[in-house]
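Have a look at the structure below, then the notes.
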Amino acid sequence: AQTVTQSQPEMSVQEAETVTLSCTYDTSENNYYLFWYKQPPSRQMILVIRQEAYKQQNATENRFSVNFQKAAKSFSLKISDSQLGDTAMYFCAFIPLVSSGDKLTFGTGTRLAVRP
Amino acid sequence: DTGVSQDPRHKITKRGQNVTFRCDPISEHNRLYWYRQTLGQGPEFLTYFQNEAQLEKSRLLSDRFSAERPKGSFSTLEIQRTEQGDSAMYLCASSFFPYEQYFGPGTRLTVT
């Protein structure tokens, strides 16, 4: 079964500091996409960053970057210079390209609070 | 284009009633997905369409659930004979590529 595990239900960070959210996943496939989605309180899910498994280089989007360790099946999200607007639920997700069709498999989420 | 829209945003219904939700995808997107999110959990896949064809359904989608996407545009998700366990946020997403899904704001269903 394809699974995603986020072991940190809640995290807190001081504004302007750096925080890392953890994610591990399980798949027997070699080709897949990994994602981090952000869900602010009472607002819709937004794609933060995407990583293709065949790319060794870690994806970055402004203050957001990932540490992709394919052998360890680990995909952590680093948020630099945290801002109050980063307060949200963060979901790790992936799509194995062969077996899952088009559906995303999500983890249970990490609730991040940015303290002023 | 204003993104994926869903209607209604909130629905309160009594157990046993039927409800229908609508999703309007981003106009050029041929793929449309329905997910369900319960409190404290990540979204779970329910079903997906490519154009008007429903290509996959989750085992979560019991016989009381039906989804349609006539003409490959908007989609509806109907739940018949609602149960309290159906209370959840129902999310719609659309995409042109499967690895770039854009989500709507969701419909929060409460079954009393």
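All values below come from the heavy atoms of this structure, side chains included, with hydrogens, waters and symmetry mates left out. Residue numbers begin at 1 in each chain, while the letters A, B, ... track the order of the sequences.
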Could you verify whether a donor N or O on one side chain and an acceptor N or O on the other, from [X] and [Y], lie under 3.5 Å apart?
| X | Y | answer |
| --- | --- | --- |
| B:Gln80 | B:Arg64 | no |
| B:Thr82 | B:Gln17 | no |
| A:Gln39 | B:Gln37 | yes |

Would you mind checking which part of [X] comes under 4.5 Å of any heavy atom in chain B, side chain (CB onward), backbone (N, CA, C, O), both or neither?
| X | value |
| --- | --- |
| A:Phe35 | side chain |
| A:Arg50 | side chain |
| A:Gln6 | neither |

Who among A:Met45, A:Arg111, A:Glu52, A:Met89 has the most heavy-atom pairs with chain B under 4.5 Å?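 Result: the option with the highest number of such pairs is A:Met45.
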[X] versus chain A, the contacting section by heavy-atom distance below 4.5 Å:
| X | answer |
| --- | --- |
| B:Leu91 | side chain |
| B:Arg108 | neither |
| B:Glu44 | neither |
| B:Tyr33 | side chain |
| B:Tyr102 | neither |

Between CG of A:Leu112 and OG of A:Ser12, what distance do you get to the nearest 0.5 Å?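 Going from the CG atom of A:Leu112 to the OG atom of A:Ser12 covers 7.5 Å.
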Carefully, step by step, assess A:Phe106 and B:Phe45 under the rule ring-ring contact (aromatic ring centres under 6.0 Å, His included). CA-CA 9 Å; A:Phe106 286 86; B:Phe45 170 80; over 10 Å; no
Do A:Ile79 and A:Trp36 belong together in a cluster built from hydrophobic side chains that touch within less than 4.5 Å?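 A:Ile79 and A:Trp36: one cluster.
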Describe, in one word, how the ring planes of A:Phe94 and A:Tyr25 are oriented to each other, choosing from parallel (under 30°), tilted (30 to 60°) and perpendicular (over 60°).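 If you compare the ring of A:Phe94 with that of A:Tyr25, the planes turn out tilted.
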